[in-house]
Every structure is written in C-alpha cells, then in structure tokens.
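First comes the structure, then the notes that go with it.
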Amino acid sequence: MNRAALISLQILVAVAIVVLWHLASTTTLFGNPKTVAFFFGDPVSVMRRVGEWVFEGSIWYHLWITLSESILAFLIGAAGGVLFGFWFARKPLVAAVFDPYVKAANALPRVVLAPIFALWFGLGIWSKVALGITLVFFIVFFNVYQGVKEVSPTVLSNARMLGMNERQLLRHVYLPSALSWMFSSLHTSVGFAVVGAVVGEYLGSAAGLGYLIQQAEGVFDVTGVFAGMFVLMAFVLLVDWLVGLVEKRLLAWRGR
Amino acid sequence: MNRAALISLQILVAVAIVVLWHLASTTTLFGNPKTVAFFFGDPVSVMRRVGEWVFEGSIWYHLWITLSESILAFLIGAAGGVLFGFWFARKPLVAAVFDPYVKAANALPRVVLAPIFALWFGLGIWSKVALGITLVFFIVFFNVYQGVKEVSPTVLSNARMLGMNERQLLRHVYLPSALSWMFSSLHTSVGFAVVGAVVGEYLGSAAGLGYLIQQAEGVFDVTGVFAGMFVLMAFVLLVDWLVGLVEKRLLAWRGR
Amino acid sequence: MQAETGQTPQDAVHLDGVAISFDLAQGRRFDAVAPTDLAVGAHQFVAIVGPTGCGKSTLLNATAGLLKPAQGAVSIFGQPLTGMNKSAGYLFQQDALMPWKTVIENVAIGLEIAGVARAEARREAQGWLERVGLSAFADRYPQMLSGGQRKRVGLAQVLIRNPKLLLMDEPFGPLDAQTRLIMGDLLLNLWSEDRKAVLFVTHDLDEAIALSDRVIIMSAGPRSRIIGDYTIPLARPREIGEIRHDPLFNDLHRTIWNALRDEVIAAYRQTGAVSDTKASVAS
Amino acid sequence: MQAETGQTPQDAVHLDGVAISFDLAQGRRFDAVAPTDLAVGAHQFVAIVGPTGCGKSTLLNATAGLLKPAQGAVSIFGQPLTGMNKSAGYLFQQDALMPWKTVIENVAIGLEIAGVARAEARREAQGWLERVGLSAFADRYPQMLSGGQRKRVGLAQVLIRNPKLLLMDEPFGPLDAQTRLIMGDLLLNLWSEDRKAVLFVTHDLDEAIALSDRVIIMSAGPRSRIIGDYTIPLARPREIGEIRHDPLFNDLHRTIWNALRDEVIAAYRQTGAVSDTKASVAS
Amino acid sequence: EDAAPEKPDLTLGVGGKPLLYYLPLTIAERKGFFKEEGLNVTINDFAGGSKSLQALIGGSVDVVTGAYEHTIRMQDKGQDITAVCDLGRFPGIVIAVRKDLAGEIKSVADLKGRKMGVTAPGSSTALMLQYALQKNGLKADDVAMIGIGGGASAVAAIKKGEIDGLSHLDPVIAQLQFEGDIAVLLDTRTEAGTRALFGGPNPAATVYVQRAFAEANPVTMQRTVNAFMKALKWISEAKPEDVAATVPEEYLLGNKDLYMQAFQNSKEMYSPDGMVTKEGYDSMMGVLKKLDPELANADVPYEKTFDPKFVQAAKI
Ligand SMILES: Nc1ncnc2c1ncn2[C@@H]1O[C@H](COP(=O)(O)OP(=O)(O)OP(=O)(O)O)[C@@H](O)[C@H]1O
Ligand SMILES: Nc1ncnc2c1ncn2[C@@H]1O[C@H](COP(=O)(O)OP(=O)(O)OP(=O)(O)O)[C@@H](O)[C@H]1O
Ligand SMILES: [Mg+2]
Ligand SMILES: [Mg+2]
C-alpha cells in the first residue's frame, strides 16, 4: 500500500461523508432536510464559512487562543500524569493510600468544576488550561502507572544488578519501557486537551474556538458551529501528527 | 502493610481533607470564609445533605438513573472500543484509512454534540448513554489498538505455528495479551462514563445526579452540588472496585 | 560427502536458491543467508550446525513461513510455500509459551484449536507432560518454571500436534546433559514410529551426529552458505547414550569438528578478535 | 571430596542455612531449595551443575539479592546481604538486555551509570564487543541479533563492570562448541588477572571441570540440596581446549557424571516417566 | 368537562428552571395546575434556552418555555415555531457594574472600553447589552463581552474583579446585590426600566410549540395554556411569602429574605394576561433587526410568532 493510494482512499472516505451529509441536508432521503439542516447545516455553507474565516483572518486569533490553551493543558497534564504515574508506580504505599482519591477525582464532572476554576484562575486562558489538565492528567496517569508495572522483570533485575539507582532506573528502564503506554495515552489525550479547552471556553470566555461555537449556537447558526468544529479537527490532526513524529523518534528501537 | 493499617491511612487522608475544608469554610485561614463557603460549601452541611438524601430515599431514583446510564455507556463504549481496537489493529489498511477520522472524532467537544444526541436518541437515558460512550470508546479504543500491537512477536509466531486461525489468535493471544492495556483504560473510563452521563444530564434532563447538581447550581445551592458530587464519587469507587475484581480474576497469571 | 540436492516432489522441505536479508536502519541491508539450496526428504532427520549468528534460526523461520526470503523459493511437500507452513511444528529458540495459560493449557492448546474436545486434549497433554517429566507442574504458569522446564513444555507443545515436519531450534539447549539424553531418546523413539521430517538446530555436535541422518554445516555470516552436508550412516535404531563409542561416530565427529573450527575462526577474524584465542580452538 | 564450608570473613559468598520457597496459588508453597550451606572463597571459581529445575538459578538469585530466602542468611564478603548485592555482576539465564538500547549502549551503560564519561564508556564498550566478536553489531538493537549474539552482549555487559563477584547462569548456553571455547578462554584469562569470585552455572560438565576450582552438584528438586562438592585440583593456567586430555580430568568427569546421573533418574522417577528411558542415561 | 387531552403525557423543556424568569412554570408545577388540567408533564431542564429549543425542533420535547425571540429566529429559518402564551413582559435583564466602579461608571454611556460579562455570547443578555450600548451612542464593539456562564462562575467573575460589570439575570443579580457587590445601571425587571430602554414592553419568557403540534393537539394545547394562565393569575395575587413557601426550598438561595426581595423586584415582569402584543412584537423586531445582520431583512409577520387563540379561550 503506497502513500498515494492511501491518501486517495482517505480522501474517498471524506468525499463519501460530505456527499451523504449534502444529500441529507438537501433531499428527503434521510428524513426532513429542514430538520437535518437545522442540526447539521450543509457542507457547502460550512466550507464556505471556514473559507471566509481563513481568508478574512478572523479565525487566527481564536485559533491561537485555543491552541495555547490546548497545548498548555496537554503539556502540563501529560507531564503531571507521567510524573504522578511514575511516582505512584514506584511507591506502592502512596499508590495504595491515594488510589481511591485519584479514582474519585477522575469521576468529577468537569463542567461542574468550571466555576471553581474560574474562581481560582480567572476567566483568562488558565481556567481553560486547568479544565483540559483534569482530562489529560487522568488518561496519562492511569496508563503510565500501568506501563511502569509492565516492565519486564528480567530486564529490571538486570538493570538493578548493573548498579542503577532509582533515578537511573527511571531514566534507563521505566521510562523507555513505559513509552509505548505513554504514547498510547497521549494520542487519546491530544483530543481531550482540545475538548477541555473548548468546553472551558464554552462555559465562559471572551475568545477561542469554543467561544465562537457557543456564539454561533446562541443564535442557532449551525453553520458556524460546524465550521468551528471543522477547524478544531484540522488542528487536532496537526497536533497528533506532531506527537506521532516524536513517538516515531523515541520508539525507533521497535522497528517498523 | 496490612489491610487495617492501609485503611486507617486512607481514612486519615479523608479526615485531613475534611478538616482543611472545614477550616477554610469557617475560619479566615484561607481567605474570606464566606467566599469559600459560597463556592465550596462546608463539609458538615454537605454530609448532612447526603444523609438526608439517603434517609429520605430521594436520592435512589436519581442514582438509579445515573447508574444505568453510566453502566450502559461503560459497557457499550468499552465493548465498542475493544472491538474496533482489535479490528483496526488486525486490519492495517482499515486503520490507516480511518486513522485521521477517528482522531478527529475524538476532538469533538461533547457538549456541542448533546443536542444532536437528543435529536437522535431522545431525552431519555439513551442520549446520556451516547455521550458517555463517546468518552469511553476513545479511551478504550486507543489502548486496545496499541495493546494488540504490543503482543510479543515470538508468542504470536508460536501461536501461528500451532495452527491458530485469526479468530483463535484473537481469543488465545491478542485478547489475553492486550488485557492489561484494556484494564488500564477501563479504570480511566469508569470515571469518564460517569462524567459523560452526568454531563448529559447536566445539559438537559429530568432526572439523575447531573440533574440534581444542575438544579443546585442554578440556585447557588453549593451544598447540593457537593453532596451530588460526593454521591457520584462513592458510586464510581464501587464500580471501579467491581472492575478491579474482574481484572484480578482475568489477570491471575501475572501473580501478585 | 556433499549430498545432492536434486528436487523430488516428495521432499518435505525444498529450498531453491533461498537468500534472506534484513533491513537495517537508514536503508542499509544485512544479507544474512546467501542463496542456498537444501532438500530435506520426507522421512529425513537433518541436523544443522554452524557458528553462532550464522543464520540457522533464520533458515528455520523461512521454512516455517515466518520470514519471506529476499529471493528463491521454498516448497513444502512439493507445494510452493505461501504464508504459514501449516504442516510444520516449530520449537522456537526463545521462550514462546503463552504466559497467560498454565503449562497444561499451553500443551493442550494445539489439539484444542484443531477441534479435539477439551477433556480429551487435556488427557493427552497430561501424558505428554509425563513424558517430558513435568506432570507435577501442570497447573503452573510458565513464569514459575525454570529455563529447562519451559523448554520441555515447549517440546511437549509441539510434539503433541504430531506435525509431518518438525523444526527444532536448540530444543535441548538449557537442559543438563542427562536430561538431554532422555529427551533425545524420547524424540528418536517418536521419530522411529512414523519417521517425520526433522530439521534440528543444535550446538552439540555429539547430539547432531547421534540423532540425525544428515548433518548440515553452515558458514559464518554474513551471506552464510551451506558448506558441508554429511550423511551419517550409523545404523538405526540408535541408543544415543551408547552410539558415541562407535568408531564411525568418532571419525565423523572429527571431520565435522575440523570443518566447523575453521568456520568459527573465520567468523572471529572478521571482527578482529581472534588473534589471541585462535590457539585454543581445538579439541 | 566433600569440601568444608566453615565461615571465613573473606568469603565472597556465604550461604548459611539458606532455604527458598515460592508461593503458589491457593496458599500452597513450593520449597525449591532446602536449607543449604555454601561458602565461595574470595578468589574461587565455583561451578554449579544439577538436573534441570533443581534450583541453580534460584540460588544465584538469592546470592544476587533478588530473592529473599525463606530462612537462613546470605553474607557477601563478610557483610550480611540486605537488598541488592552491589558487588556482584549477574549474567542472567534469560534475555535481559534493554531492547531500547543498541548493543553498544547496552554494554556501555554499566560504566555510564557508575559515572564514567560517555565517550570513554563507549570506547571501552567497543573493546569488549571486539572481545566477544560482535564489534560489527554495535549499532544494532538486541532484537536484531541471534540468540548466541545476545548472550555474548550480555557477557560483555557484565564483564565491563569488573565486579568482584561474578554470577553466571549458563553464559555459554546458546553458543556453538567452538565459540564456547573461545569465550571460556576469555573468561579464564580475565579471571587469572585478579581472580574474582565466580559462581558459574552450566550444563556442560566438561566446561565446569575445565574452568573451575570446585564443582558443586545439586540434587533434583523440590527441596534441592547440595549433594556433592568436588575440588578440581587441575593446575592453572589451563587451556580448556587441551585440558580434556588430562587423565585426572577424565577421572573427575566420570565421578561427577555418575553422581549426576543418579540424581536425574531420581528426578524422573518422581514424575513417573523414567522407566523406559533409564537405560540410556549413561555415557 | 370538554374533550380529553389527545396527549396527556407531555414533555416540556426549559433552560434553567430555578430562574425567576420561569417562575410561572414552577408555580404551575408545584400548585398542581397541570394535574388539574389532566396533564402529566415531565419537565426537562437544559443548560440553556437554545438547547431546549433544539430539543423542540428535534422532537424530543413537545412544549418549551423560552424566549419569545426564538420564535422570530425560527420563523426566519423556516421552522414553524409559535408562541401560545406570554409569561414575562419584560426581559428581566439587569445591567450593572462593580460597586467599586460605581463612581466612574454612572450610565451605560460610560461603559466604553470596559469588560462586561454576559451569560454567553449571542445570548439575550449579550443582545440587550449591545442594544443598550447602541442606544447610548456607543458601538457594539466598544466594550469587550465575556461569556461568564449562568451560575456561580458569574458571581466569581465579579468577586475576582475579572469583569467591570455585567448584563445578567436573577438569581446572579439578586445574589450580587444582596452581597453589595454591584450597582445597577439599567433594570428591565420593571416596566419603567424596560420602557426606558425599548420604549415599550419587550416580551421575554413565552410558552412556544411547533405549530403542527398545536394544530394536532388543540385540547392538550388549550389545557397547557390554561395551566400557565392559572399560574400567572396566582402570581399576580401572591405575596412574596406565598411564593417562597411554594417553590422548592433550594430555590431560596439559602436565604428566604433574599429570595422574597428578588421576587418583589421582578413581580412586575410577569404577564398579567398571557398576550404578546403587537407593540411588544414591534419592539422585539426592532431590536433584532438592529443587532443581528442576519435578521436585518427578515420578514416574519406578527401572526406567525404568536397564536393568541389559546390565551383567548383560556378558562381559569
Ligand atoms: N531482525 C533482524 N534484523 C537484522 N539482522 C538480524 C535479524 N535477525 C537476525 N539477524 C542477523 O542474522 C544473522 C543470523 O541470525 P540467526 O538468528 O539466524 O542466527 P543463528 O544461526 O540462529 O545463531 P544462534 O546460534 O546464535 O542462535 C545474525 O547475524 C543476526 O545478527
Ligand atoms: N516464581 C516461581 N514460582 C514457583 N516456582 C518457581 C518459581 N521460579 C522457579 N520455581 C521452581 O523452582 C525450581 C528451581 O527453579 P530454578 O529456575 O532455580 O531451576 P534451575 O536449576 O535454574 O533449572 P534450569 O537448569 O532448568 O534453569 C523449579 O522447580 C521451578 O519450577
Ligand atoms: Mg538461533
Ligand atoms: Mg536456571
């Protein structure tokens, strides 16, 4: 399967989705087109709106805000998840004592936390970053925690016998061994970082893609809503691609 | 570390949190106690409210609704994640073609999807289940996908040479090997299933814990909000404990 | 003593100019095995010996269908091999037991997936565990076994399926000399029943000669070739404990040993570490 | 020939009534090693042989501090062992290389973590790779090596650290006979420089006698004990390729072989599979 | 009694039931007016008015209590949504500034360059603020509008000084007033304030439905309107204590006096007769045309946005 063929297949899927969408919003094939259009808009106007945003340049500021929030949430949340994951995995007592609290915290509905974050961090980007962190952190944390425990016992014993102290074990054994676990969770959490930022903006903000989407929703401008989501997706794919690049480099030893 | 000591330590942590919280909401140690109480309530009234709910029995109906939604979201989302994870991992072409679409879908802010789910699934529990599924699915999916790819190549070759067909490989090799990946993601997603259900209720419903919390929030009844979250947590810990039991049984071969 | 390799349709294995390469990083390639011809008769017991890293496991992998040759063709019982080799049983050099199955489950699985009823498969598996001396360990997981015990479970796992072609990569490697003899006898008894085709990699030249009809010697890699193909005319049935006292055995041993020694020195010379150890490569 | 095991403070290893058990499922226990006394002098080369699964690796693990004995005490150079044994280097029976490091990184890591500058560590590692005949493979990852190549990388990884006590579990297992000799010579040369203490598990009795000062024989498990402790009075320095022609060597070989054979038969009798194989346990 | 309702099991959507804005709904529910009319109503509460409207269009609720403005927007989009009963004559939105800025900002005209909180961008609080700015000679983008949400986050934003003022609703306004955090510039909970801004009444909360539903279920519709009319009548006669005693205890904001005060402030807001007048329609149309470019050329006749027949036939 070469690259060109793959990309054409991918584009085919996109075309199929758009055609279905278009049919649904203009013909009666999938029920009342008016209702469909009310909820989904139609692809042509969505694309046109995206085009307008891009060419008029009005989107860049909002995108920039959301981008900073997501990236910060992703970086901080992932770093926290990795650190705590390692810490818990290496300190069974800490893990045992705090286990129920971590799990309980993971069950808090983030939407309800938004006012508290607004109180602590204000209405600027940091409350959104905090919201994103609460999603990213747990996803990464649980995976790193498990990943560290999956280290091959023989390799671990060997490293110990080679004289590694705890810090060196972390660097030379636990970290590389847990990397594939970590990256798996990073792929999930790229999306969640963005979701966190957007939901935060949605619940209270002055800029960002979530703000745009909410504004559009408030006046039932579904075209605007979908255009916003479309920009969002494009941008997540970009970030995920970057994560993939890093992954490829760090996991080179696994070969193809 | 025996069980009793561990539990006392855990209780100690809880007591510490409650004492801090109490101090913050009644003394000036952490700023204006009135502000703190406005946003966080105070532990005594929260506990009293939980007690009332439990003894009056008014909570059970809401809990039952949220419980059904979460469990359904968890089961369906996890099953879907596992199935698609395996399918993608075993069909590299499918995975390559749909990869960007899965990642993009994961980046959709679920809050925006709520009206669409209400359109498709009505306002009953199913639209909340759908929302929970969109969270659980991706977490499980990415982990299973990676987990299958992590199968030891030697064990895999051996199983092949023993004559296993694709279905048997799945049952005897891929599934058990990916189990620890799966369970790691299940622990994360228990929490997210509940979050999905609660957020769904929060965005529009007539019953459930999310509804209770929303009602309380609308009138600044922070005691009610925290009491709701408290019930939620207790209940997630219960579900997680059940998942842990299953995990222990299925992963018996790893020893302690 | 070079045996001919002309194709006959009933050959169990027929390698026709098979060469194997591995892709390394940065587009480099490592040519492990140079184009090689090899025919293994349907009832032949063939041992492969060669210096470490010469390509024995690689050749077995190609025969099993796990590796695609860079060039050449593999046929199995006259059929060109595409995909997995379904008529072969393969005992791997490394640990390959399923860690999530107990010892007896690991042994029984080969029958179960072939459709044998579970109880019946278990019964047979228990018999095989007895034969390899592990009946007391049936309910353990592989991680709770010693290295030699794991290898014997692997042996039972492969033999229980009674494949027409056996590929064995150092099956007795981590066993003590005594257990090795017992296992060797077990294998020979089994083989004498229906004379399967066997490709047997070993580092123990005694064992190779005692067990097999032919001993193949491979040259040091890269681009390893078959540089010796010795027919072993010792009478069957053999007692492997006894056969070493046969003078023919000792002749064969000396010839093959010398051929091998030169190869190893050649291998070491390539890496520049041979100068001070050359003297001791003798027996 | 039973050697005495009286304690002297300079003993490299001193096992005092060490017994090892494993917890099985459902609260059952498996007593792998019965209470055992063993002393290894500071400059002694001690080989351990015994039937498969008798507890050799287990004993090494206890000496390395990786397993806590159920009873008894371990002291290392006169100090009671708590936690890891920091003065030992351990070559494991299974693959234990870090798959995410290249061969040279795997070898150099032992020096690097001890504080040697990276460039310097690499240089030394390259030297060691040459000695084990793998200088051409420095940049490969372990998964791209053959079984014997991996084992030799492990050997270099342990030896480069120059530990005072060497624990080696079948270090030459997956090597061909010729390479085994080269590696044996390498080890002996190294050992003769400063005479480290060595605990050496092998299944090759020739190798055990040729290399060591003492050969320990363990009984078949469970509750394995030391049932033989033979001093090897062969002169040093030795050429292991040559020493087999020494008549003393052959005497020792015969004595130890007979002791071992009885053990293996005992082991097999326990699992009820020995009847038809007994005859062949002889050499 | 006349014919039985065609659809006695009714689902009703609302975006923020505890708000005083929707008090008639709570009264109708708590006083059992729906039951009296033989209706079994399930009330779904949504995170916002737009979500309840979406549920109506999607068909998952039958009736919505929501902003009158929605009917105009929907008609413009070709969705035949019509109001059947007015609940609130005035928007009930209050524009206020932080107490410590009260000295500098004395009127809407002084808001230039300030940061103002609204419940959400595009929402009615935002629209009203924009309208007030334009009336006072400012441009819509002369102030920075920040979505601060409806609940505690809005209170937090004022308390932390994140915003200089806000355009918001009860109970946020009531809470902030009670704590003495804000000074009111413009109050459309009262007739005077609304007239000052809009020059006439400006219908706010209404009961609206899909016209097709009303036509297919005339009896049910009539009964529903009856219940709301009863609630409106009850409110017009009620004393604050009666209201406080009727609504769920949690609605009292933890402080009964505060709640009664808030009710008193808003009492004028509730429609006395359930009618959306032509005057109210004109006023609303004027606001929307001025503010929303999409609606600038909209042609939505009064008759399509409000169907008075149920109110006129209501039996109380
Ligand atoms: N995946 C791989 N990538 C690159 N080179 C490889 C790979 N696998 C094996 N090789 C190389 O191919 C050659 C042959 O390897 P193979 O495993 O067949 O050796 P072998 O004869 O089985 O050796 P041993 O007796 O040590 O097991 C070796 O030089 C090895 O380094
Ligand atoms: N984790 C474990 N749990 C239970 N039993 C174990 C465990 N590890 C080893 N054993 C048992 O202890 C005994 C000794 O094992 P050990 O690995 O020390 O044998 P060994 O002498 O090294 O054998 P080999 O020569 O086959 O490597 C074996 O019977 C083995 O089954
Ligand atoms: Mg090999
Ligand atoms: Mg061992």
Side-chain angles (χ1 to χ4, degrees), chain C residues 22 24-25 49-53 56-58 93-95 130-136 139-140 144-149 152 170 173-182 185-186 189 203-205 239-242 244 257 260-261 263-264 267-268 270-274 277 279-283, chain D residues 22 24-25 49-53 56-58 93-95 130-136 139-140 144-149 152 170 173-182 185-186 203-205 239-242 244 257 260-261 263-265 267-268 270-274 277 279-283:
Chain C
F22 293 102
L24 300 180
V49 293
T52 162
K56 304 179 291 296
S57 305
T58 302
Q93 186 175 15
Q94 310 101 291
D95 257 351
E130 245 155 60
R131 254 162 276 178
V132 297
L134 289 173
S135 53
D139 292 327
R140 298 242 195 136
M144 307 161 92
L145 297 182
S146 80
Q149 289 168 337
R152 283 181 283 156
E170 295 187 42
L175 300 180
D176 58 289
Q178 288 77 9
T179 308
R180 256 180 131 109
L181 290 183
I182 300 177
D185 273 328
L186 174 67
N189 281 341
H203 285 315
D204 185 337
L205 198 49
E239 282 282 6
I240 42 180
E242 300 300 323
R244 298 171 197 218
W257 178 267
L260 264 172
R261 185 189 50 192
E263 253 335 283
V264 175
Y268 262 74
Q270 283 179 356
T271 61
V274 80
T277 47
S280 59
V281 181
S283 177
Chain D
F22 292 102
L24 299 181
V49 292
T52 162
K56 304 178 292 294
S57 305
T58 303
Q93 186 175 15
Q94 311 102 291
D95 255 351
E130 245 154 60
R131 254 163 275 177
V132 297
L134 290 172
S135 53
D139 293 329
R140 297 243 195 137
M144 305 160 94
L145 297 183
S146 79
Q149 288 168 337
R152 283 181 283 157
E170 295 187 42
L175 300 180
D176 58 289
Q178 287 78 9
T179 309
R180 256 179 133 111
L181 291 182
I182 301 178
D185 273 329
L186 174 68
H203 285 313
D204 186 336
L205 198 49
E239 282 281 6
I240 39 178
E242 300 299 324
R244 299 170 195 215
W257 178 267
L260 262 173
R261 185 189 50 193
E263 256 330 286
V264 174
I265 293 177
Y268 261 74
Q270 284 178 356
T271 60
V274 80
T277 47
S280 59
V281 180
S283 175

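Atom set for the values below is all heavy atoms of this structure, side chains included, hydrogens, waters and symmetry mates excluded. So that the names make sense, note that chain A is the first sequence line, chain B the second, and so on, each numbered from 1.
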Inset, instruction - Heavy-atom pairs under 4.5 Å with chain D are the metric here; pick the option from C:A177, C:G173, C:S146, C:P174 that has the most. - result: C:P174

Legend entry - Spacing of C:H203 atom NE2 and D:D204 atom CG [to the nearest 0.5 Å]: 12.5 Å

Inset, instruction - Could you tell me which non-hydrogen atom of C:R140 sits nearest to which non-hydrogen atom of D:L24, and how far apart they are? - result: NE-CD2, 3.7 Å

Legend entry - Separation of C:L205 CG from D:D176 CG (nearest 0.5 Å): 10.5 Å

Legend entry - Contacting moiety of C:Q94, where chain D heavy atoms sit under 4.5 Å: side chain

Legend entry - Distance, nearest 0.5 Å, that separates CG of C:L134 from OG1 of D:T52: 7.5 Å

